[in-house]
Novice: 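The following block contains the structure, expressed as structure tokens.
Starting from 1, each residue takes its place in the sequence as its number.
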Amino acid sequence: MRENLNTTMRAAVCTRAGGPEVLEVRELPIPAVRAGWSLVRVRAAGLNRSELRTRQGHSPSVRFPRVLGIECVGTIAVSTDPALPEGTTVAAVMGEMGREFDGGYAEYALLPNALLMPITTALPWETLAALPETYLTAQGALDAAGITPDGKGRLLIRGGTSSVGIAAATIAAAYGFDIAATTRQPAKAGTLSAAGVAHVLVDDGRPLSVRMQEIWPDGPDYILDLIGTDTVLDSLHLVRRGGTVCMSGSLSGWLIPHFEPIAMIPSGTKLTAFHSDNCKGDTAALQRVVDQVETGAYRPNLDRVFELTDIAAAHRYMEDNRAAGKLIIVP
């Protein structure tokens with residue numbers, strides 16, 4: 001049944017590039033529905049570091065003011081697709097949400113039908129919102145690396161206490177992998193252990209290669225590098241010869257200066273990547289994740305929930321690297 005809509009909604013608007021203070025909660029008109037797009041009542045939205053970088057001005061294609069938010073969950077308020085009737089629970093992720101068009105930091109979002117993934121679940125909204133970007137990225141990255149449920153091996157996750165890192169550890173642990181993960185914050189070690197990490201590597205000033213020798217002298221079979229450009233070359237030399245490094249994070253930026261693949265990739269070692277834009281519209285994969293969370297096989301990795309009015313505080317919390325898991329905002 002179609003909702004009785006007001007004419008306006010609250011939204012967190014990024015007014016310009018800058019610090020968290022540039023995020024302002026404003027009253028905006030509810031977007032008018034058009035062909036191929038449906039209106040979603042946003043029940044909760046996950047926060048992501050890519051939104052932090054966009055807010056800082058590191059996404060040249062984004063024009064301000066803009067409602068950020070590359071993912072959300074909610075219900076269809078007004079539909080233009082018979083396969084998505086009003087009231088359907090949906091999730092949406094990527095596809096230029098919060099970049100080319102307004103995203104999930106709002107009470108309502110007008111989104112392309114192709115992005116909307118209908119989900120059957122009884123999970124609370126905050127829990128459901130912790131899953132789409134995080135778990136679909138983690139699953140996609142593990143798949144890209146060649147990690148499968150019927151295989152076992154040694155996996156190193158760099159940037160382990162990111163939300164994607166914790167999700168990847170949860171999935172790989174369910175597969176039966178021996179997992180090591182790095183963190184710079186001793187207080188987050190327990191979160192990694194709870195996710196199935198057997199070897200928590202808290203930064204103690206020693207080179208990671210020394211730590212690897214202590215647990216896996218031959219190196220890990222796979223490395224999921226969520227830090228990115230600052231560490232991926234080191235990861236190529238940490239993984240065992242013939243192993244695989246999958247870069248699926250950009251916590252340290254987008255580009256590797258002076259990258260020479262022939263000289264820098266050891267012979268036989270594989271370098272691959274996974275970008276979360278490949279997650280968009282993958283309803284079946286997200287439903288499998290939701291089902292696994294409902295059975296208790298996967299952890300939702302929820303760190304903290306913020307109100308929309310506290311969006312600036314949420315970005316400060318994220319920017320200060322205080323989270324061990326997913327941050328959520330609710331309108």
Side-chain angles (χ1 to χ4, degrees), residues 1-34 37-56 59 62-80 84 86-112 115-116 123-133 302-319 323 326-331:
M1 181 178 295
R2 180 170 297 192
E3 294 186 11
N4 294 320
L5 299 179
N6 296 321
T7 58
T8 62
M9 66 177 186
R10 292 185 308 163
V13 180
C14 187
T15 58
R16 62 190 186 281
E21 69 280 356
V22 304
L23 294 167
E24 298 180 3
V25 177
R26 295 179 174 178
E27 199 83 7
L28 299 180
I30 291 178
V33 174
R34 61 182 186 269
W37 298 59
S38 292
L39 186 69
V40 174
R41 181 180 177 186
V42 178
R43 306 288 185 157
L47 269 65
N48 298 277
R49 295 193 72 87
S50 65
E51 296 150 4
L52 184 154
R53 290 194 296 276
T54 296
R55 188 211 76 215
Q56 292 171 333
S59 300
V62 176
R63 298 290 177 262
F64 301 115
R66 173 63 70 212
V67 177
L68 303 181
I70 65 170
E71 64 174 326
C72 68
V73 298
T75 51
I76 299 290
V78 182
S79 175
T80 63
L84 296 167
E86 281 84 4
T88 300
T89 294
V90 293
V93 60
M94 296 296 291
E96 290 303 304
M97 280 181 65
R99 297 173 56 83
E100 183 180 326
F101 54 88
D102 286 345
Y105 289 14
E107 291 180 311
Y108 290 89
L110 183 66
L111 301 175
L115 286 187
L116 299 176
L123 292 174
W125 290 114
E126 294 89 344
T127 302
L128 182 61
L131 305 179
E133 169 74 7
L302 181 60
D303 180 274
R304 187 170 171 182
V305 178
F306 291 86
E307 298 288 333
L308 181 65
T309 51
D310 295 325
I311 187 64
H315 265 241
R316 288 190 190 94
Y317 189 88
M318 178 166 55
E319 196 161 2
K326 192 73 173 181
L327 302 179
I328 303 297
I329 58 168
V330 292

Novice: Determine, stepwise, if the pair Y317 / D303 fulfils side-chain contact (heavy atoms from CB on, under 4.5 Å).
Specialist: CA-CA 11 Å; Y317 189 88; D303 180 274; 2.9 Å; yes
Novice: Given side-chain contact (heavy atoms from CB on, under 4.5 Å), test L116 with I76 step by step and report yes or no.
Specialist: CA-CA 9 Å; L116 299 176; I76 299 290; 3.8 Å; yes
Novice: Between atom CD of E51 and atom CE of M318, what is the distance when rounded to the nearest 0.5 Å?
Specialist: 6.0 Å
Novice: If every non-hydrogen atom of V42 is compared with every non-hydrogen atom of G104, which pair is closest and at what distance?
Specialist: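 Taking V42 first and G104 second, the nearest heavy atoms are CG1-O, 3.7 Å.
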Novice: Less than 4.5 Å apart, any side-chain heavy atom of V330 and any of E307?
Specialist: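 V330 vs E307: side chains touch.
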Novice: Using side-chain heavy atoms (C-beta onward) and a distance below 4.5 Å, is L115 in contact with V93?
Specialist: no
Novice: Using distance only, find each side-chain donor-acceptor pair of residues 308-316 under 3.5 Å and give its atom names and separation, not counting sequence neighbours.
Specialist:
unit_1 : atom_1 : unit_2 : atom_2 : d
H315   : ND1    : R55    : NH1    : 3.0
H315   : NE2    : Y105   : OH     : 3.0

Novice: So which heavy atom on G103 is nearest to which on A109, and how close?
Specialist: O-CB, 3.8 Å
Novice: Anything under 3.5 Å between a donor and an acceptor, one on a side chain of residues 63-71, the other on a protein residue two or more places apart or in another chain? List them.
Specialist:
unit_1 : atom_1 : unit_2 : atom_2 : d
R63    : NH1    : P60    : O      : 2.5
R66    : NE     : R99    : O      : 3.0
R66    : NH1    : D102   : OD1    : 2.7
R66    : NH2    : E100   : O      : 3.0
E71    : OE1    : E133   : N      : 2.9
E71    : OE2    : N48    : ND2    : 3.1
E71    : OE2    : K326   : NZ     : 2.8

Novice: Is there a side-chain contact between L123 and L131, using heavy atoms and a 4.5 Å cut-off?
Specialist: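 Sidechains of L131 and L123: in contact.
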Novice: Could you check if a side-chain atom of T89 sits within less than 4.5 angstrom of a side-chain atom of R43, using non-hydrogen atoms only?
Specialist: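 No; the side chains remain at least 4.5 Å from each other.
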Novice: How would you list, by chain and number, every residue that makes a salt bridge (Lys or Arg N to Asp or Glu O under 4.0 Å) with R16, sequence neighbours excluded?
Specialist: none
Novice: Would you please name every residue forming a salt bridge (Lys or Arg N to Asp or Glu O under 4.0 Å) with E126, sequence neighbours left out?
Specialist: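 Partners of E126 under the salt bridge (Lys or Arg N to Asp or Glu O under 4.0 Å) test: none.
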Novice: Find out whether M9 and P331 are in side-chain contact, i.e. whether some heavy atom of one side chain is under 4.5 Å from a heavy atom of the other.
Specialist: no
Novice: Output all residues satisfying side-chain contact (heavy atoms from CB on, under 4.5 Å) with T8, sequence neighbours left out; order by chain, then residue number.
Specialist: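 Partners of T8 by the side-chain contact (heavy atoms from CB on, under 4.5 Å) criterion, ordered by chain and then number, come out as E27.
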Novice: Minimum heavy-atom separation for S59 to T54, with atom names?
Specialist: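 Closest approach of S59 to T54: OG-OG1, 2.8 Å.
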Novice: Is the backbone N or O of G87 less than 3.5 Å from a side-chain atom of T75, with the two atoms forming a donor-acceptor pair by type?
Specialist: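 Looks like no, no N/O pair under 3.5 Å.
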Novice: What's the spacing between L39 CG and R34 CZ if we round to 0.5 Å?
Specialist: 11.5 Å
Novice: Listed by chain and number, what are the side-chain hydrogen bond (donor to acceptor under 3.5 Å, both in side chains) partners of E96, not counting sequence neighbours?
Specialist: none
Novice: Taking ring pair (Phe, Tyr, Trp, His ring centres under 6.0 Å) as the test, write out the residues that go with W37, two or more places apart.
Specialist: F101
Novice: Within a strict 4.5 Å, meaning less than it, do heavy atoms of the C14 and V62 side chains meet?
Specialist: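 A side-chain contact under 4.5 Å is absent here.
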Novice: What do the steps show when you test L111 against C72 for side-chain contact (heavy atoms from CB on, under 4.5 Å), and what is the final call?
Specialist: CA-CA 10 Å; L111 301 175; C72 68; 3.9 Å; yes
